[in-house]
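In what follows, chains are A, B, ... by sequence order, proteins preceding strands, each numbered from 1.
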Amino acid sequence: MKILVPVKRVVDYNVKVRVKPDNSGVDIANVKMSMNPFCEIAIEEAVRLREKGAATEVVAVSAGVLQCQETLRNAMAIGADRAILIETDVELQPLAVAKLLKAIVDKEQPGLVILGKQAIDDDANQTGQMLAALLGWGQATFASKVEVNGNTATVTREVDGGLETISLKLPAIITTDLRLNEPRYATLPNIMKAKKKQLDNVKPAELGVDVTPRLTTLKVEEPPKRQGGVKVADVAALIDKLKNEAKVI
Amino acid sequence: MANLVIAEHDHGSLKSATLNVISAAVAIGGDVHVLVAGTNASAAAAAAAQVVGVSKVLLADGPAHARLLTENAAAQVVAVAAGYSHILAPATAYGKSVAPRVAALLDKAQISDIIKVVDADTFQRPIYAGNAYATVKSSDSIKVLTVRGTAFNAAANSGGSGAVESITVVNDSGLSSFVSAEITKSERPELTAAKIIVSGGRGLGSGDKYREVLTPLADKLNAAMGASRAAVDAGFVPNDYQVGQTGKIVAPDLYIAVGISGAIQHLAGMKDSKVIVAINKDPDAPIFSVADYGLVGDLFEVVPQLAAAL
Ligand SMILES: Cc1cc2nc3c(=O)[nH]c(=O)nc-3n(C[C@H](O)[C@H](O)[C@H](O)COP(=O)(O)OP(=O)(O)OC[C@H]3O[C@@H](n4cnc5c(N)ncnc54)[C@H](O)[C@@H]3O)c2cc1C
C-alpha cells in the first residue's frame with residue numbers, strides 16, 4: 001500500500017508574527033519557515049507504517065511556492081520515498097488544496113492519505129476533511145493512534161470528551177493530532193540521501209484544477225492587547241484582589 | 001436568507017456549544033433552523049425548539065446517526081442544504097470534522113472559527129494562534145462557518161417556540177464504524193462552559209501532584225480543570241484537558257494558570273478569559289504578561305495555602 005502525505009510550509013511555530021502596518025496581512029518576509037508540526041507528525045506516522053510493513057511507499061506532496069521544495073526535502077529526510085511539488089504562486093485556500101490533492105490521489109492511487117489536522121498559520125482545520133469529501137472516502141480526524149490491518153484502519157481520535165476509536169474502510173483519510181507520535185530528527189546522512197530522492201514538479205493547470213480563491217481577506221489586524229496586571233505579594237493579597245477588585249470569587 | 005445550525009448533542013440533550021452557534025446565526029439575520037441528526041433524539045430536538053431565535057428544527061432520527069459518524073452527518077446536512085444561505089457548526093471536535101466535509105461536498109469554501117459577524121458575507125476569525133485577526137469575505141452562495149463558542153453568548157435555552165419537522169434519514173455510508181469510546185468522567189463543569197478554570201502545567205511535575213495540588217483548589221471554587229500541552233503530553237491528565245491553539249478555547253470569568261509558562265500556543269486558548277491569575281516561580285515567565293494578578297512563588301507552597309484560605 002502506498003501512503004500519500006500532504007505537507008505545508010508555514011512560519012515556524014517559534015516565530016511571533018507581526019501584522020503589516022497597512023493591515024494587508026502578516027509580515028512573513030525574512031522569518032523562519034518550517035514544516036507545519038502536524039504535517040511532520042503525519043510523515044513520521046507514514047514512515048513508521050512502512051517500517052512496520054503496513055505500507056510499501058510514502059509519497060510526500062506539497063502545494064505552493066517553489067520554496068516548498070525545502071519542506072519536501074525535509075519530509076524525505078524523515079523518510080518519505082519521493083515527493084511531488086504542485087507549484088503555484090497563487091494564494092491557496094483549503095478547498096483549492098483539497099482539489100489539487102484529489103488530482104494527485106487520482107493519479108497515485110494511495111491506500112491511505114495522512115494529513116496534519118491543521119496548519120498553524122491559517123488554523124483552518126479543513127483540508128483533510130475536504131479531501132475525504134471530494135474522494136467519497138471515510139475520515140478519521142485528530143488521530144492519536146493508528147493501526148492498519150488489511151483493508152481497514154483502526155484509529156483512536158482525540159475528541160472533546162476524551163478518546164473515541166473508529167474503524168475505517170480503506171482507502172481513507174486520517175488527520176493527525178499532537179499525541180500520535182514524536183517525529184524523529186532528520187540525521188545528516190538522511191538529509192544527504194534526501195537530496196538524491198525523486199522530486200517531481202507539476203502545475204495546477206496540468207492537473208486541471210481551478211485554484212481561484214473564494215474568500216477575500218479584507219484586512220488583518222492586531223488582536224486587542226491584553227494589559228499585564230500587577231504582581232501580588234502573597235496569597236492573602238491575591239484573595240483580596242479576587243474578592244474585592246475583580247469580584248470573581 | 002435562512003441559516004442552518006448543525007446541532008451538537010448526545011441524542012437526549014443539546015451540547016452547550018450549540019447555543020453559542022445559534023447566537024451567531026441570529027447575528028447574521030434571517031430564519032434560524034437547527035438540524036438534529038441522531039437516534040432516538042426527539043428530546044434533543046425538543047430542546048433545540050425551545051431555544052430563543054430558532055424557528056424550525058429538522059430532526060433526522062435514525063440508526064445511521066447512532067454514533068454521530070461524520071460521513072453520515074455530513075450527508076444529512078447536504079441532503080437539506082439547498083435553500084440555506086449559511087450553514088453553521090460549533091468549532092468543536094464534532095463540528096470541525098463535519099463542516100469542512102459539508103463545504104467540499106457543496107463545492108463551497110469554509111470560514112473556520114468565526115469570532116465576529118461583520119455582515120452576512122463577512123466574518124472575523126483569528127489566525128496564527130490568535131496573534132492576528134483576519135476579516136474575510138466570502139463570494140460563495142452558501143457560507144459554511146464554524147463558530148468559536150467563547151466569542152458569542154449562549155442563546156437562551158427556554159422560551160422559544162420552534163416547530164420540529166421530521167426529515168428522511170440518510171443511509172449509513174459504510175465508510176466508518178464506531179469501535180469504542182473512553183470518555184473522561186468528571187463531576188466538574190465542562191471546560192468550555194465553566195466560570196472558573198484551574199489549569200496546570202509541567203511545573204506540577206506528575207499526574208499525582210497535579211491532582212494532589214490542584215483538586216482541593218478546584219473543589220473550593222467549583223472549577224473545571226485544564227492543562228497545558230506539556231502536562232497532557234507527559235500524561236498527567238487526559239487529552240481533553242488541553243487548553244490552547246490546538247486544544248480547547250476557553251474564556252471563563254477566572255482562569256488560574258499554575259506552573260504554566262505561557263507559550264503563545266497556550267495563550268491562544270485562554271487569553272480572552274475575564275481575569276487571569278498566574279502562579280509561577282519564574283518572575284520572567286511570559287504568562288505574567290497576560291495575567292491580571294501574578295503571584296511569584298513555589299506552587300507546591302502557594303496553591304495549598306490558597307485552597308486553605310478560600
Ligand atoms: C504545533 C504545536 C501546537 C501546540 N499547541 C498547544 C496547545 O494547544 N496548548 C498548549 O498549552 N501548548 C501547546 N503547544 C506547546 C507550547 O509550545 C508549550 O510547549 C507548552 O504550552 C508548555 O507547557 P507548560 O507551560 O506547562 O511547560 P513549560 O513551558 O515547561 O513551563 C512550566 C512552567 O512551570 C514553572 N514551574 C516549574 N516548577 C514550578 C514550581 N514548583 N512552582 C511554580 N512554578 C513552577 C516554570 O517556571 C515554567 O514557567 C503547542 C506546540 C506546538 C509546536
Give, as side chain, backbone, both or neither, the part of [X] having an atom under 4.5 angstrom from any heavy atom of chain A.
{"X": "B:T246", "value": "both"}
{"X": "B:T122", "value": "side chain"}
{"X": "B:A132", "value": "both"}
{"X": "B:V277", "value": "side chain"}

Using a heavy-atom distance cut-off of less than 4.5 Å, which residues of residues 153-164 of chain A contact chain B?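 If one takes a 4.5 Å heavy-atom cut-off, the residues of residues 153-164 of chain A near chain B are A:R157, A:E158, A:V159, A:D160, A:G161, A:G162, A:L163, A:E164.
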At under 4.5 Å between heavy atoms, what parts of residues 238-249 of chain A are in contact with chain B? List them by residue number.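 A:L238, A:I239, A:K241, A:L242, A:E245, A:A246, A:V248, A:I249 fall under the 4.5 Å cut-off.
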Does A:R214 come within less than 4.0 Å of B:D107, counting only side-chain N to carboxylate O? yes
Please classify the contact of [X] with chain B as side chain, backbone, both or neither, using a heavy-atom distance under 4.5 Å.
{"X": "A:K117", "value": "side chain"}
{"X": "A:V26", "value": "side chain"}
{"X": "A:I28", "value": "side chain"}
{"X": "A:P94", "value": "neither"}
{"X": "A:E182", "value": "neither"}
{"X": "A:T141", "value": "side chain"}
{"X": "A:V19", "value": "side chain"}
{"X": "A:L95", "value": "side chain"}
{"X": "A:D234", "value": "backbone"}

Give a yes or no answer on whether the side chain of [X] reaches the backbone of [Y] with a donor-acceptor pair at less than 3.5 Å.
{"X": "A:Q129", "Y": "B:A99", "answer": "no"}
{"X": "B:R125", "Y": "A:D122", "answer": "yes"}
{"X": "A:R226", "Y": "B:S273", "answer": "yes"}
{"X": "A:Q139", "Y": "B:S97", "answer": "yes"}

Any chance you could measure [X], atom [atom1], to [Y], atom [atom2], to the nearest 0.5 Å?
{"X": "A:N14", "Y": "B:Q265", "atom1": "CG", "atom2": "CD", "result": "7.5 Å"}
{"X": "A:I166", "Y": "B:S177", "atom1": "CD1", "atom2": "OG", "result": "8.0 Å"}
{"X": "B:I264", "Y": "A:Y13", "atom1": "CD1", "atom2": "OH", "result": "10.0 Å"}
{"X": "B:I127", "Y": "A:I120", "atom1": "CD1", "atom2": "CD1", "result": "12.5 Å"}
{"X": "B:K96", "Y": "A:F142", "atom1": "NZ", "atom2": "CZ", "result": "5.5 Å"}
{"X": "A:L178", "Y": "B:R229", "atom1": "CG", "atom2": "CZ", "result": "4.0 Å"}

[X] and [Y]: which non-hydrogen atoms are nearest, and at how many Å?
{"X": "B:S176", "Y": "A:L168", "result": "CB-CD2, 3.7 Å"}
{"X": "A:A133", "Y": "B:L105", "result": "O-CD2, 3.6 Å"}
{"X": "B:S112", "Y": "A:A124", "result": "OG-O, 2.7 Å"}

Would you indicate whether B:K195, at its atom NZ, is surrounded by more than 12 heavy atoms from other residues, nucleotides or ligands within a distance under 6.0 Å? no
Is it true that atom NZ of A:K169 has more than 12 heavy atoms of other residues, nucleotides or ligands lying nearer than 6.0 Å? no
B:Y293 six-ring face occupied by A:K231 cation (under 6.0 Å, within 45°):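 Geometry flag: not set, cation outside 6.0 Å or 45°.
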Checking side-chain polar atoms at under 3.5 Å, does B:Q242 have a donor or acceptor matched by the opposite partner on A:R179? yes
